[in-house]
Amino acid sequence: MKGEFPVDKFHHIETPFYYYDTQLLLRTLQTINEEVAQYPNFEVHYAVKANANPKVLHLIRQADLGADCVSGGEIQAALDAGFPANKIVYAGVGKSDKEINLGLDNDIFCFNAESQAEIEVINELAKSRNKVARIALRINPDVGAHTHANITTGLAENKFGIAMNDMEPIIQQMKTMSNVEFIGLHFHIGSQILDMTDFEALCYRINELQDQLEQHHISVKNINVGGGLGIHYDCPDEQPIPDFHQYFAIYAHHLQLRKGQKLHFELGRSVVGQMGSLIARTLYIKQGNAKQFAILDAGMTDLIRPALYQAHHKIENISSDAPTETYDVVGPICESSDVFAKSIELNKTKRGDLIAIRSAGAYGEIMASQYNCRKLPIGYLTEDL
Ligand code: PLP
């Protein structure tokens with residue numbers, strides 16, 4: 001099954017560019033909101049890192065999601081898109097003073113702190129502004145996720161978060177600080193997780209940690225389980241909207257929330273992944289000794305996921321239904337890793353054909369670079385065409 005695109009409208013636009021299917025984004029947001037409506041203590045934040053296109057952010061803000069940010073730039077992008085500061089959470093292992101001050105000046109909901117040293121700096125900076133910063137501790141739960149090694153974050157060997165056995169002493173120390181308030185625990189075990197038992201494992205670990213804290217009479221107002229829900233890169237048309245029903249149900253059934261506790265989510269890829277495609281043109285067909293190459297005008301500078309994570313994206317020739325041939329689909333960048341896919345079947349392509357690289361709405365446009373002095377790709381929503 002091939003995706004449906006407004007190909008006539010694409011002909012006038014300089015390639016490569018990102019095309020965002022507005023209707024799919026809206027349907028995805030509606031599904032999230034319908035599912036979450038069953039659980040009044042659940043609050044969903046959108047992980048801005050996945051796609052910070054201002055128009056995309058605007059639609060997500062209109063659907064009433066909060067924002068999860070990992071830099072001052074993302075906090076500013078969220079504020080500019082109209083996300084209320086009291087729905088902004090801010091994580092990151094290396095927050096600079098300037099970034100912390102931006103969060104403090106705007107009274108964001110919460111800093112997800114990743115080390116004792118960071119908490120001390122936040123306390124100092126908050127003191128100088130006569131403020132009290134709300135802090136959740138990002139705990140490294142040592143829970144593995146069945147995903148690519150570069151996108152697991154919750155293992156003891158990863159740089160993220162505070163080790164579980166440091167959690168309680170740090171909370172006790174925070175109680176002695178005048179300008180920080182401990183308001184919760186934060187977790188994130190990784191990204192592109194399709195094995196739902198990974199989220200179950202996280203629930204069990206959080207239950208244990210909460211029991212442990214209760215023995216020390218420490219109560220927790222907020223639990224934040226991060227993001228990580230994966231999408232089906234093989235079949236964007238058959239599975240355009242992730243299984244949010246099952247995802248939220250896992251947390252509802254396995255996480256023992258205490259009375260009055262709020263459960264926060266930080267979903268990125270699952271919100272925006274399937275609505276986006278990178279649209280490129282075939283520049284040349286080259287017959288190698290053993291291979292046939294389709295050389296596109298898009299490269300790893302536009303979509304780095306295949307080069308960075310060996311990620312697989314479905315690729316379609318949206319200009320032709322000719323019988324398929326086997327191609328290595330590559331970009332023009334001077335790097336051997338600038339390959340989108342090897343030995344795939346594509347409707348026979350010729351110079352000028354439009355090629356869609358699917359499921360590229362998350363970690364696509366936002367990770368683009370200008371390497372080789374290339375222009376950054378533009379992102380268009382359906383109504384922009
Ligand atoms: N929250 C944190 C702390 C993250 O690091 C990430 C992604 O790496 C996310 C949320 C979003 O993850 P995903 O796009 O997999 O939902």
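All ligand and atom numbering here is 1-based and tracks the order in the structure.
Heavy-atom contacts from other residues, nucleotides or ligands closer than 6.0 Å to CG of Asp211 number more than 12.
Considering backbone and side-chain atoms alike, Gly228 places an N or O below 3.5 Å from some N or O of ligand 1. For ligand 1, none of its N or O atoms has an N or O atom of His186 under 3.5 Å away.
Closest to atom 4 (C) of ligand 1 by heavy atom, among Gln192, Lys49, Arg138, is Lys49. Counting heavy atoms only, Ser191 comes closest to atom 15 (O) of ligand 1 of the residues Ala47, Ser270, Ser191, Ala50.
A search for ring-ring contact (aromatic ring centres under 6.0 Å, His included) contacts involving His45 returns His264, not counting sequence neighbours.
Residue Gly268 approaches ligand 1 through these ligand atoms, each under 4.0 Å from one of its heavy atoms: 13 (P), 14 (O), 16 (O). Taking every heavy atom of Gly227 and a limit of under 4.0 angstrom, the matching atoms of ligand 1 come to 10 (C), 16 (O). Shown in contact with Tyr363 at under 4.0 Å from a heavy atom are these atoms of ligand 1, numbered in order with element: 7 (C), 11 (C), 12 (O), 13 (P), 14 (O).
Using a 4.5 Å cut-off between side-chain heavy atoms of Ile, Leu, Val, Met, Phe, Trp and Tyr, with links allowed through other members, Ile88 and Ile32 fall into the same hydrophobic cluster.
Screening residues 365-385 for ring pair (Phe, Tyr, Trp, His ring centres under 6.0 Å), with sequence neighbours left out, gives Phe17-Tyr380.
Cation-pi geometry between Lys95 and Tyr90 is satisfied (NZ or CZ under 6.0 Å from the ring centre, within 45° of the ring normal). A cation-pi arrangement is not found for Arg138 relative to Phe187, the charged atom failing to lie both closer than 6.0 Å to the ring centre and inside a 45° cone about the ring normal.
Using a 4.0 Å cut-off between heavy atoms, Arg269 contacts ligand 1 through both its backbone and its side chain. Looking at Ile193 against ligand 1, nothing comes within 4.0 Å, counting heavy atoms.
Here His313 and Tyr233 bring their ring centres to under 6.0 angstrom of each other.
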